[in-house]
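What follows is a set of notes on a single structure, which appears directly below.
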Amino acid sequence: MQSDQKSPLVNIAEFDSKFSYDVRYATDDNFLEQTVYDCVQCLLIPEVAEALVEANNYFCELGYMIQLYDCYRPLSVQKKMWEIYPNPGYVGNPYGSGSIHNRGAAIDMTIVKLDGTQLDMGSDYDFFGKEAHIDHPHNDTITANRKQLWSVMKKFGFSPIRTEWWHFNYDAKNYGLKVLDIDFDCE
Ligand SMILES: C[C@@H](N)C(=O)N[C@H](C)C(=O)O
Ligand SMILES: [Zn+2]
């Protein structure tokens with residue numbers, strides 16, 4: 001941790017929009033099989049938080065809301081992930097260009113109905129295999145659910161990656177953003 005680093009991140013909970021949370025990295029129910037976050041928070045740089053709120057408000061008008069799996073991720077956690085699963089198709093290499101999560105400009109997410117009902121996206125979150133790929137063929141329901149997710153996210157400036165249906169990077173210039181290693185303030 002670099003505690004002298006001033007945080008440029010904002011907490012999505014401070015915005016006027018209702019999100020659902022399923023932050024498994026704050027539990028041991030994740031591919032690391034260990035708790036790597038001290039609390040559930042979605043931190044992002046302001047520009048990305050604003051775009052996400054707009055996307056969520058749009059989803060809400062359609063009868064859905066965003067369920068957040070992960071937002072900003074400290075570089076120290078990225079290193080733990082890489083140690084356990086050093087595959088650049090599924091985990092950004094912290095010793096290379098890293099992850100857009102480390103820059104507060106990527107989100108892992110799905111959408112759920114406003115009553116909390118889950119939508120079938122064809123694989124679980126952080127399933128590292130071909131069923132999670134955005135070009136893998138699935139049945140009509142899954143295809144329609146994914147289309148709903150991606151069409152709205154793209155409208156608000158987010159792009160998916162090929163191997164993970166749940167991962168979105170904000171805009172194309174984001175590798176130029178600063179990599180951060182700030183702990184969550186869980187007070
Ligand atoms: C680990 C997974 N949830 C994820 O976010 N992977 C991408 C590729 C990343 O680490 O940036
Ligand atoms: Zn991700």
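These numbers come from the heavy atoms of this one structure, side chains and all, not from hydrogens, waters or symmetry mates. Ligands are counted one by one from 1 in listed order, and the atoms in each one are counted from 1 as well.
Counting heavy-atom neighbours within 6.0 Å of Asn139 CG, excluding the residue itself, gives a total above 12. Heavy atoms from other residues, nucleotides or ligands lying under 6.0 Å from OH of Tyr58 number 12 at most.
Side-chain atoms of Arg103 never come within 3.5 Å of backbone atoms of Val179 as a donor-acceptor pair (strictly under, hydrogens ignored). With hydrogens and angles disregarded, a donor-acceptor distance shorter than 3.5 Å links the side chain of Asp181 to the backbone of Ser76.
Those atoms of ligand 1 that come under 4.0 Å of a heavy atom in Asp126, given as number and element, are 1 (C), 2 (C), 3 (N). Listed by atom number, the atoms of ligand 1 under 4.0 Å from Gln78 heavy atoms are 10 (O). Near Asp108, meaning under 4.0 Å from any of its heavy atoms, are these atoms of ligand 1: 3 (N), 5 (O). Contact atoms of ligand 1 toward Tyr90: 1 (C), 2 (C), 4 (C), 6 (N), 7 (C), 8 (C) (distance under 4.0 Å to a heavy atom of the residue). Interface atoms of ligand 1 facing Tyr25, defined by a heavy-atom separation under 4.0 Å, are 1 (C), 2 (C), 3 (N).
Among all protein heavy atoms, the one lying closest to atom 5 (O) of ligand 1 is Arg73 NH2, 2.8 Å. Glu164 OE1, 3.3 Å is the protein heavy atom nearest to atom 4 (C) of ligand 1. Scanning the protein heavy atoms around atom 11 (O) of ligand 1, the nearest turns out to be Ser99 OG, 2.6 Å.
For the pair Tyr125 and ligand 1, a heavy-atom separation below 4.0 Å is found.
Within the 4.0 Å heavy-atom criterion, neither part of Trp82 lies near ligand 1.
A salt bridge does not link Arg24 with Asp108: every distance from a Lys NZ or Arg NE/NH1/NH2 to an Asp or Glu carboxylate oxygen is 4.0 Å or more.
Our summary of the site lists the angle at the Zn ion (ligand 2) between OD1 of Asp108 and NE2 of His101 as 100°, to the nearest 10 degrees.
Pairing each heavy atom of Ile134 with each of Ile161, the nearest pair is CG2-O, 3.4 Å.
Any N or O atom pair closer than 3.5 Å counts here, and Gly92 shares at least one such pair with ligand 1.
Two residues are said to be in side-chain contact when any heavy atoms from C-beta on lie closer than 4.5 Å; Leu52 and Phe168 fail this criterion.
Defined by atom type and a distance below 3.5 Å, a donor-acceptor pair is missing between the side-chain atoms of Ser159 and Asn169.
The nearest N/O/S atom of His167 to the Zn ion (ligand 2) is ND1.
When each of Asp70, Asp183, Asn30 is checked for a side chain to side chain donor-acceptor pair (under 3.5 Å) with Tyr37, only Asp70 meets the rule.
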